[in-house]
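Here the structure comes first, spelled out in structure tokens, and everything after it is commentary.
Convention: sequence-line order gives letters A, B, ...; per-chain numbering from 1. Computation of the quantities below employed the complete heavy-atom set of this structure, encompassing side-chain atoms and omitting hydrogens, waters and symmetry-equivalent molecules. Remember, it's a predicted structure, so these values are computed and weren't measured experimentally.
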Amino acid sequence: MRSSWADAVENANSGSVENAGTSGASGASATSKSAYVPPHLRSKQPTAEPPAPSHTGPPSASDRFGYGGASGGPRYGVPRSDYGRQGYGGGGRGAGGWGSRSGGWSREREVNPFGNDDADGLAESTFSEQENTGINFDAYEDIPVETSGDNVPPPVNTFAEIDLGDALNLNIRRCKYVKPTPVQRHAIPISLAGRDLMACAQTGSGKTAAFCFPIISGIMRGGFPPRPRGTRTVFPLALILSPTRELSMQIHEEARKFSYQTGVKVVVAYGGAPINQQLRELERGVDILVATPGRLVDLLERAKVSLQMIRFLALDEADRMLDMGFEPQIRKIVEQMDMPPRGERQTMLFSATFPKEIQRLASDFLSNYIFLAVGRVGSSTDLIVQRVEFVPESDKRSHLMDLLHAQRANGVHGKQALTLVFVETKKGADALEHWLCMNHFPATTIHGDRTQQERELALRSFKSGNTPILVATDVAARGLDIPHVAHVINFDLPNDIDDYVHRIGRTGRAGKTGLATAFFNESNMSLAKSLAELMQEANQEVPDWLTRYASRASYGGGKGRRSSGARFGGRDYRRDSSYNRSGGGSDYYGGGGYGNYGNYGGGYGAGATSAWD
DNA sequence: AAAAAAT
């Protein structure tokens, strides 16, 4: 019989995971780098006269490797000499203390992104407690972490240990962040040291701040180049790419808070919305550009945007950005336009999952990078109760109805308990939404066939609790931070276990518990093995019938053991024996290209042990 | 086979 889902959550097994220390350094040897050449001194002639930097530009390659690159020994804590140090370390000047913009758009009045009248938002009562963040800080203990790479900078325990600057520190307080999350503790020092980074961490664990803080801080330290004259082309200093429009919007909103009154301007550009308004925003000035790939390519081809001045590149949901659908566009943006090559810019890749083959592709964009894997808040997926039920295709609707009725009966619905239902197709999403509405369950839907307006309306309506059921395709699977999602239902299971991981990650966020229910039937056999293993590793109850399906050889294909590692995120592919045997960097795989993607099930089963096994 | 991402 079925117990209520609320009971299931309550009875969640919250066994703790043993804490694994950071592992020893291994991985790629540093490759030699040529000295940094500012964009305006490079041989390639720009389409327009680029701005002359008011400083020495991005850190030189040798500087970038202050944590033990090719030559320099460890230089922990040594201040950067190439950055103007006036105001460094908190000169008490508040906003703009590090690098005041010499011209351009800093004098424009900036809208308070915190949405309150208390522009400072610093009344003691509001930032002294954790309740506003909704983050369960107790769950932060015993988070397993793995780092690898050369000379990994040590993590910090408090924001105070990091010198991000007065203006940014003020915004951290305004955001009511009390202490850094695990991914922030590790990733921020790595980024501030100028190192490239590949990070596995769930969204909702503070990932956006983990790459935004170093970018904002780095831009302020580096100083703002004067605006170019005689051209309408804009030259952002940082680029953040994400796979969906809504995620780009979300990152933009967060980044605006972090950069409030720092003089750092954040602009977002994505498709489905009028380009003219985005162009106007860009022309008013941009330091950090948040974008989806298609619209950015459009802007680049129209020469509205140049990437010549890029100092920081961040790819969110990096494994999706490098999969079959996106890889050509990303390569075009990163390798075939005018962005400085790896080693000259600083590159950060973030995702909750990082299959080995994708890591190989990603290493093309990185230079002597550090790999970081951080467990979820509360360790792994302990905070999500995962259930899988055998539901024939024809019974799915009535079964869904049963679940929803049970929730309603338990008073678990409305604003505080949203339900996110994933389906496979856009048509299926529309059909299910319609059917739910007919049956008096207020639902809406989000998928790629809807207009951008409809998509945004649907998301707002869901978030507000107005329509507490959202039927979604995979457009909503990644990155979206929707508070109060209590239940994720995989009405149709995805074919890829990593997609499953991202989907269920929409609940159980920020240290809260959640429930994930999957409808499994004959058409999901290819997922049986990986799903059973994933649930087992997350200490979830695996039904016997699923174990039986999983053990059948004919169904055991798929990916075999999870490519992305056991409990979360993944493992540095450079540490695999095949890599170590090659004794080289990514060049060894130069001819590998993308062709093998999808075949990476074999080959490393026994070798893919994790630090927590 | 599907979804996402430019017009």
Side-chain angles (χ1 to χ4, degrees), chain A residues 203 239-252 267-279 282 289-305 315-334 336-337 351-353 358 393 420-433 445-456 458-459 470-480 490-503 506 519 521-527 557-558 594 597-598:
Chain A
T203 45
L239 176 63
I240 301 172
L241 292 172
S242 95
T244 65
R245 298 164 183 172
E246 285 76 14
L247 186 52
S248 282
M249 295 171 60
Q250 178 181 303
I251 294 166
H252 173 242
V267 175
V268 67
Y270 52 82
I275 199 169
N276 282 336
Q277 196 178 334
Q278 291 174 8
L279 284 173
L282 286 169
L289 177 59
V290 184
T292 47
R295 177 55 59 91
L296 178 60
V297 168
D298 191 10
L299 291 167
L300 291 169
E301 286 174 345
R302 297 193 200 192
K304 300 294 185 185
V305 172
L315 301 193
D316 202 2
E317 307 298 338
D319 66 334
R320 169 64 85 224
M321 303 301 279
L322 293 171
D323 81 4
M324 313 258 285
F326 274 120
E327 197 216 3
Q329 279 179 302
I330 300 301
R331 281 203 189 276
K332 176 165 192 174
I333 292 166
V334 177
Q336 290 154 30
M337 302 305 287
S351 182
T353 56
I358 298 287
E393 207 62 39
L420 181 51
V421 183
F422 281 105
V423 296
E424 198 57 20
T425 67
K426 295 177 278 197
K427 291 183 87 168
D430 281 335
L432 187 58
E433 179 220 18
T445 183
I446 185 168
H447 60 70
D449 272 356
R450 304 200 80 191
T451 68
Q452 191 54 28
Q453 246 188 347
E454 290 170 327
R455 286 166 58 159
E456 289 169 25
L459 197 54
L470 179 66
V471 183
T473 60
D474 266 331
V475 69
R478 286 168 175 264
L480 293 187
N490 274 290
F491 189 88
D492 301 318
L493 273 164
N495 294 314
D496 186 325
I497 190 66
D498 285 334
D499 290 332
Y500 173 84
V501 171
H502 283 277
R503 286 180 177 187
R506 295 318 99 212
F519 295 176
N521 62 36
E522 304 81 9
S523 58
N524 308 118
M525 288 307 175
S526 65
L527 200 66
Y594 197 68
Y597 181 49

Closest to the A/His447 side chain: B/dA5, B/dA2, B/dA4? B/dA4

Within the 4.0 Å heavy-atom criterion, would you say A/Val297 contacts the bases, only the backbone, or no part of the nucleic acid? nothing

A/Glu327 CD - B/dA5 C1' separation (whole Å): 15 Å

Rounded to whole angstrom units, what separation is found between the OH atom of A/Tyr270 and the P atom of B/dA5? 11 Å

Gap between atoms CE and C1', on A/Met249 and B/dA5 respectively (whole Å): 16 Å

Taking only N and O in the side chain of A/Arg245, is any of them less than 4.0 Å away from OP1 or OP2 of B/dA6? yes

For A/Asn521, the side-chain hydrogen bond (donor to acceptor under 3.5 Å, both in side chains) test, sequence neighbours excluded, returns A/Glu393, A/Ser523

Between the base of B/dA1 and the side chain of A/Asn495, is there a donor-acceptor distance below 3.5 Å? yes

For side-chain hydrogen bond (donor to acceptor under 3.5 Å, both in side chains), just list the numbers for A/His447 and A/Asp430, CA-CA rounded to whole Å, side-chain angles, deciding distance to a tenth of an Å, and then say yes or no. CA-CA 9 Å; A/His447 60 70; A/Asp430 281 335; 2.9 Å; yes

Of the options B/dA5, B/dA6, B/dA2, whose atoms approach the side-chain atoms of A/Glu424 most closely? B/dA2

Given atom CG of A/Asp496 and atom C1' of B/dA1, what is their separation to the nearest angstrom? 14 Å

Are a donor atom and an acceptor atom from the side chains of A/Gln250 and A/Glu246 found within less than 3.5 Å of each other? no

Nearest heavy-atom neighbours spanning A/Phe491 and A/Val421: CB-CG1, 3.7 Å

Under 4.0 angstrom between A/Arg455 side-chain N/O and B/dA5 OP1 or OP2: yes

Rounded interatomic separation in angstrom, taking CG from A/Asp319 and P from B/dA3: 19 Å

B/dA4, OP1 or OP2 - any side-chain N/O from A/Lys426 closer than 4.0 Å? yes

Whole-Å distance, A/Met324 CE to B/dA5 C1', equals 16 Å

Does A/Thr244 have a side-chain nitrogen or oxygen under 4.0 Å from the phosphate oxygens OP1 or OP2 of B/dA5? no

What's the NZ-P distance between A/Lys427 and B/dA3, to the nearest Å? 10 Å

Taking atom C1' of B/dA2 as reference, at what distance in whole Å does atom CZ of A/Arg478 sit? 14 Å

Apply side-chain hydrogen bond (donor to acceptor under 3.5 Å, both in side chains) to A/Arg302 and list each qualifying residue two or more places apart in sequence or on a separate chain. A/Asp298

Below the 4.0 Å mark, does B/dA4 have OP1 or OP2 next to a side-chain nitrogen or oxygen of A/Thr473? yes

